[in-house]
Asks: 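Quick one: the structure is below, questions incoming.
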Amino acid sequence: MDDTYTEEVLRLVEAVPPGAVTTYGDLAEMVGRGGPRQVGAVLARHGAAVPWWRVIRADGRPADGLGERALSRLAEEGVPVHDGRVRLASVRWRPAPESLPGRPV
DNA sequence: TCCGTGACTTTAT
DNA sequence: CATAAAGCCACGG
């Protein structure tokens with residue numbers, strides 16, 4: 001079976017440094033395959049093994065039900081949270097080239 | 001093969 | 001700026 005997708009997604013999530021965040025859609029683009037929903041599905045399944053709280057929705061708000069946990073962890077890491085939502089423009093993480101799957105430098 | 005579901009995104013009101 | 005509807009992607013029944 002092809003769990004390559006899952007591997008790539010988890011790998012990227014693990015690569016997100018403290019104090020930074022990324023979105024489902026961005027991860028989907030980085031992997032270059034599937035879509036935001038698919039990324040969410042992966043995290044729903046294997047999220048426990050990675051810093052899932054650094055992955056939030058495109059509107060700067062964590063997924064439903066994770067708000068409390070995610071926001072408190074993000075705040076701990078120094079992520080600027082404003083009224084329950086993260087300022088993506090300031091902390092949106094960009095992966096290092098070598099973290100990407102099949103993209104040459 | 002068709003339908004429903006889900007840690008989503010974008011566009012329109 | 002907040003809420004609602006439609007679109008999108010892979011998967012399982």
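Computed over heavy atoms, backbone and side chain alike; hydrogens, waters and symmetry mates excluded. Labels below follow one simple rule: chain letters A, B, ... track the order of the sequence lines, proteins then strands, and each chain is numbered from 1.
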Asks: Atom CD of A:E29 and atom P of C:dC9: how far apart are they, to the nearest Å?
Replies: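 Result: 12 Å.
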Asks: If I take atom CZ in residue A:R45 and atom P in nucleotide C:dC9, what distance separates them, rounded to the nearest angstrom?
Replies: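 Distance, rounded to whole Å: 22 Å.
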Asks: Can you measure A:R57 atom CZ to C:dT3 atom P for me and round it to whole angstrom units?
Replies: 11 Å
Asks: The side chain of A:Q38 lies closest to which of these nucleotides: C:dC9, B:dT9, C:dA2?
Replies: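 In terms of side-chain proximity for A:Q38, the closest of C:dC9, B:dT9, C:dA2 is C:dC9.
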Asks: Is the number of heavy atoms from other residues, nucleotides or ligands within 6.0 Å of CD (A:E14) greater than 12?
Replies: yes
Asks: How about A:V16 and A:V50: do any of their side-chain heavy atoms sit closer than 4.5 Å?
Replies: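 No, side chains not in contact.
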Asks: Are any of the side-chain nitrogens in A:R54 or A:E77 under 4.0 Å away from the carboxylate oxygens of its partner?
Replies: yes
Asks: With heavy atoms under 4.0 Å as the rule, sort A:R85 into base, sugar-phosphate or nothing.
Replies: sugar-phosphate
Asks: Take the protein atom CG of A:L66 and the nucleotide atom P of B:dA7, then report the distance between them rounded to whole Å.
Replies: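 Computing the A:L66:CG to B:dA7:P distance gives 9 Å.
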Asks: What is the distance, rounded to the nearest whole Å, between atom OH of A:Y24 and atom P of B:dG6?
Replies: 15 Å
Asks: Whole angstrom is fine here: how far is it from CG in A:D64 over to C1' in C:dT3?
Replies: 14 Å
Asks: Between the side chains of A:R57 and A:D64, is the shortest nitrogen-to-carboxylate-oxygen separation below 4.0 Å, so that they form an ion pair?
Replies: yes
Asks: Measure from CD on A:E8 to P on C:dC9 and round the result to the nearest Å.
Replies: 20 Å
Asks: A:R33 has an atom CZ; how far is it from atom C1' of C:dC11, in whole Å?
Replies: 14 Å
Asks: Students often get this wrong, so: under 4.0 angstrom with heavy atoms, is A:A58 touching a base, only sugar-phosphate, or nothing?
Replies: sugar-phosphate
Asks: Using the C1' atom in both, what is the distance from C:dG13 to B:dA7, to the nearest Å?
Replies: 22 Å
